[in-house]
Amino acid sequence: MSDLERDQPLEGSWSHGEHDHSPGDEPAEDAGHWIRNANLGLGFSVLLTVAAFALAGSDIIYPPAVPVALIVLAIAQMGVHLVFFLHITTGPDNTNNVLALVFGVMVVFLIVLGSIWIMDHLTQNMMPMEKMIEMQP
């Protein structure tokens, strides 16, 4: 038997214990964890949706503040969906997911902003309706 076979495993960060895994290679989790997580996300989503409808249909808060409250609830709803359903976290193994999400948001933002910019310039450069009516025979 060589000396290598009798060596004890190293302790600390070099040991190959149950907590040693590479990013993206997550340890197996039981089905109860996933079900509990999905049900918690569903509960939060339903609660936020009911709160939005309740705020919009009543006089609980000052009426001009209703759009701001709905925006806050919508942002909270997006956060719930990102965390509970898309499993976006701040862990080092989620870097690619976060970058893909940021790229997608940037593309949507550019498309919406570009469309608004184009429509605004088209509106400014159109002939007034009165002159168009005068040109018709």
Side-chain angles (χ1 to χ4, degrees):
M1 180 181 280
S2 70
D3 289 336
L4 293 175
E5 293 173 358
R6 285 182 282 164
D7 286 343
Q8 297 294 325
L10 295 173
E11 298 298 324
S13 63
W14 293 98
S15 67
H16 296 287
E18 64 185 50
H19 299 292
D20 185 25
H21 60 274
S22 63
D25 183 25
E26 296 297 323
E29 295 177 347
D30 59 341
H33 170 77
W34 292 103
I35 292 171
R36 185 173 46 252
N37 212 9
N39 285 335
L40 191 60
L42 177 66
F44 283 141
S45 295
V46 168
L47 182 71
L48 288 168
T49 303
V50 168
F53 278 103
L55 283 177
S58 68
D59 293 329
I60 296 174
I61 61 173
Y62 184 58
V66 170
V68 175
L70 292 177
I71 289 170
V72 168
L73 288 172
I75 291 171
Q77 183 85 274
M78 287 187 284
V80 166
H81 285 251
L82 289 173
V83 171
F84 288 101
F85 300 124
L86 296 176
H87 307 290
I88 302 291
T89 62
T90 58
D93 55 334
N94 277 324
T95 304
N96 289 338
N97 293 342
V98 172
L99 287 175
L101 178 67
V102 169
F103 179 73
V105 168
M106 183 186 71
V107 167
V108 169
F109 178 74
L110 287 174
I111 289 173
V112 169
L113 189 66
S115 298
I116 291 172
W117 182 38
I118 289 170
M119 287 186 288
D120 179 56
H121 278 63
L122 285 174
T123 302
Q124 289 178 2
N125 293 325
M126 283 185 66
M127 185 182 302
M129 187 59 85
E130 296 83 26
K131 289 188 179 181
M132 287 181 69
I133 292 174
E134 290 175 6
M135 292 178 62
Q136 291 181 352

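Starting from 1, each residue takes its place in the sequence as its number. Here the structure is a predicted model, which is why all the values come from computation and not from measurement.
With sequence neighbours excluded, no residue forms a side-chain hydrogen bond (donor to acceptor under 3.5 Å, both in side chains) with T95. By the side-chain hydrogen bond (donor to acceptor under 3.5 Å, both in side chains) test, N94 pairs with T89, N97, sequence neighbours left out. Applying the ring pair (Phe, Tyr, Trp, His ring centres under 6.0 Å) criterion to F85, with sequence neighbours excluded, gives H81. Applying the side chain to side chain contact (heavy atoms under 4.5 Å, CB included) test to L47 and every residue at least two apart in sequence or in another chain returns nothing. In this structure, the side chain to side chain contact (heavy atoms under 4.5 Å, CB included) partners of F44, at least two apart in sequence or on a different chain, are L40, V80, F84.
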Please set out all donor-acceptor pairs under 3.5 angstrom arising from side-chain atoms of residues 127-137, sequence neighbours excluded.
none

Using atom types as modelled, flag every donor-acceptor pair under 3.5 Å from a side chain in residues 102-117 to any protein atom, sequence neighbours excluded.
residue: S115; atom: OG; partner: I111; partner atom: O; Å: 2.8
residue: W117; atom: NE1; partner: H121; partner atom: ND1; Å: 3.3
residue: W117; atom: NE1; partner: H121; partner atom: NE2; Å: 3.4

Please list every donor-acceptor pair under 3.5 Å in which a side-chain atom of residues 58-71 meets a protein atom from a residue at least two apart or in another chain.
residue: S58; atom: OG; partner: A54; partner atom: O; Å: 2.6

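With hydrophobic clusters built from ILVMFWY side chains whose heavy atoms lie under 4.5 angstrom apart, V72 does not share a cluster with I75.
Residue V46 shares its hydrophobic cluster (ILVMFWY side chains chained together at separations under 4.5 Å) with L42, V50. Cluster partners of F53 are absent, since no Ile, Leu, Val, Met, Phe, Trp or Tyr has side-chain heavy atoms less than 4.5 Å from it. The other members of the hydrophobic cluster of L122, by chain and number, are I118 (side-chain heavy atoms under 4.5 Å, ILVMFWY only).
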